[in-house]
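See structure below.
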Amino acid sequence: MSTNAETAHRAHARRRMRIDGWRWGGRIFLVFMLLYTALPMIWMLITSIKSGFAAMQFPPQWWPDQPTLASYQKLLDPQNSVGQDFLRFFWNSLFVSTATTILSVIVAVPAAYAFSRFTFPGRNFLFFAVLLRNMFPAVIFLVPLFILMRAVGLVNTHGSLVLTYLTFGLPLAIWLLKGFYDNIPVQLEQAARIDGATRFQAFFLIVMPLSAPGIIATAIYSFIGAWNEYIYAYTFLSKNEQLTLPVGIQRFFSENTTDFPGLMAASFMMSVPVVVLFLVLQRYFVRALTEGAVKH
């Protein structure tokens, strides 16, 4: 008996050591990934508070002797040309990203609900055809979309970007929401219909609140995609007053020199809204991904 107990104890200890080994390996991997993603942001922030001379020193100066916020003051000062351009680019990006997000949610919610709840001819083919565009790189559609936007008179307007981003963001948004709606029991809607609610009332009062995490995740995805996009904004927009931030910050590059502190300050400020948005709403994003991926 004692031998069997000792054997079982040793086997349990070995299993516990393997579990602890995997656990510590996972923790080390997470720390590595955190450093991998955070260090560029930290270096960008440090460079943004350096002077132009300190930013060009080699070997690099890891912490400036005289930190300065001059680059941020210049960017946020509407009295100088740099500040005027940066604030204009910021509001252009905010407008385009917000409009894209709102339209993506408005279109994706009923489309995903229809794919989840209704049966109609060609449903499966159409559903998978929605994702067909994601099989090809975005640059393939650059010339055809430019010709189309020029034909309808949308070149050098924010409408061209909103429509383009909407086209690229909708497939994954519909796919994500459809998986989320599949996990909401249809019996809840049937009970509401029995109590006298219309289909729209059952959807609006029952399904919409339960699908809030999926809708928020869709909104985050659409906003980040529109906020960071560069190629189409660079192609469709040429007027300075219409540029978005990803295109506008290249103005810190010139033929003879580059304002690295100003560039890093602009890049850091461009990253802040996305980081804050994700940190505030990340639990909804993770919940939507997990619940939409598992069929209960």
Side-chain angles (χ1 to χ4, degrees), residues 40-41 44-45 48 71-72 74-108 133 137-173 218-254 258-278 280-281:
M41 292 287 294
M44 186 164 57
L45 178 60
S48 69
S71 296
Y72 293 96
K74 183 168 62 173
L75 289 175
L76 298 177
D77 184 7
Q79 302 301 321
N80 63 73
S81 59
V82 175
Q84 291 174 0
D85 285 343
F86 178 80
L87 293 175
R88 185 185 301 114
F89 301 154
F90 185 91
W91 289 115
N92 288 343
S93 288
L94 186 62
F95 171 77
V96 170
S97 301
T98 303
T100 302
T101 301
I102 293 174
L103 288 176
S104 294
V105 171
I106 290 176
V107 176
R133 193 222 62 82
V139 70
I140 290 180
F141 302 94
L142 187 60
V143 174
L145 281 175
F146 179 81
I147 295 174
L148 176 63
M149 295 302 171
R150 185 177 61 182
V152 297
L154 289 179
V155 174
N156 277 321
T157 67
H158 293 148
S160 62
L161 296 185
V162 172
L163 291 177
T164 301
Y165 300 160
L166 186 65
T167 302
F168 292 158
L170 272 178
L172 185 57
T218 301
I220 294 174
Y221 169 78
S222 300
F223 185 90
I224 293 177
W227 182 267
N228 293 327
E229 203 282 324
Y230 173 82
I231 297 177
Y232 286 93
Y234 182 77
T235 304
F236 293 165
L237 304 177
S238 60
K239 295 181 180 179
N240 186 71
E241 61 271 15
Q242 297 290 339
L243 298 183
T244 56
L245 269 178
V247 181
I249 60 175
Q250 70 177 346
R251 299 302 176 91
F252 290 95
F253 294 94
S254 62
T258 300
D259 181 10
F260 282 107
L263 177 63
M264 293 297 103
S267 301
F268 182 78
M269 294 182 66
M270 178 181 171
S271 304
V272 167
V274 174
V275 173
V276 171
L277 179 67
F278 190 81
V280 172
L281 301 176

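Just so you know, these numbers use all the heavy atoms, side chains as well, and skip hydrogens, waters and symmetry mates.
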Look at the aromatic rings of F86 and F90 and report parallel, tilted or perpendicular, splitting at 30° and 60°.
tilted

When rounded to the nearest 0.5 angstrom, what distance separates CD1 in I147 from CE in M149?
12.0 Å

Counting C-beta onward and ignoring hydrogens, is there a side-chain heavy-atom pair between V247 and L237 closer than 4.5 Å?
no

Answer yes or no: is there a side-chain heavy-atom contact under 4.5 Å between F236 and L154?
no

Please set out all donor-acceptor pairs under 3.5 angstrom arising from side-chain atoms of residues 161-168, sequence neighbours excluded.
unit_1: T164; atom_1: OG1; unit_2: S160; atom_2: O; d: 2.7
unit_1: Y165; atom_1: OH; unit_2: E229; atom_2: OE1; d: 2.6
unit_1: T167; atom_1: OG1; unit_2: L163; atom_2: O; d: 2.8

Contact list for residues 89-102, test side-chain hydrogen bond (donor to acceptor under 3.5 Å, both in side chains), sequence neighbours left out:
none

Approximate separation, where rounding is to 0.5 Å, of I140 CD1 and L145 CG
12.0 Å

Quick check for you: to the nearest 0.5 Å, what is the distance between I249 atom CD1 and M264 atom CE?
8.0 Å

Kindly compute the distance separating CG (L94) from OG1 (T244), expressed to the nearest 0.5 Å.
12.0 Å

Taking only residues two or more places apart in sequence, or in another chain, which ones meet F146 in a ring pair (Phe, Tyr, Trp, His ring centres under 6.0 Å)?
none

Are there more than 12 heavy atoms of other residues, nucleotides or ligands under 6.0 Å from atom OH of Y234?
no

Indicate the ring-plane relationship of Y72 and F268, choosing parallel, tilted or perpendicular according to the 30° and 60° boundaries.
perpendicular

Stepwise side chain to side chain contact (heavy atoms under 4.5 Å, CB included) test for F223 and I102
CA-CA 9 Å; F223 185 90; I102 293 174; over 6 Å; no

Is it true that a side-chain atom of T235 and a backbone atom of Y232 form a donor plus acceptor pair closer than 3.5 Å?
no

Any donor-acceptor pair under 3.5 Å linking the side chain of W227 with the backbone of L245?
no

Would you list the pairs meeting salt bridge (charged side-chain N to carboxylate O under 4.0 Å, His left out) in which at least one residue belongs to residues 152-163, sequence neighbours left out?
none

Do other residues, nucleotides or ligands put more than 12 heavy atoms under 6.0 Å from Y230 OH?
yes

Identify the heavy atoms of L75 and A266 that sit nearest to each other, and give their distance.
CD1-N, 3.5 Å

Can you list everything that forms a ring pair (Phe, Tyr, Trp, His ring centres under 6.0 Å) with F141? Sequence neighbours excluded, please.
none

Under the salt bridge (charged side-chain N to carboxylate O under 4.0 Å, His left out) rule, what pairs show up with a residue in residues 76-94, not counting sequence neighbours?
D85-R88

Answer yes or no: is there a side-chain heavy-atom contact under 4.5 Å between N156 and S238?
yes

Does S222 reach the side chain of V105, with side-chain heavy atoms less than 4.5 Å apart?
no

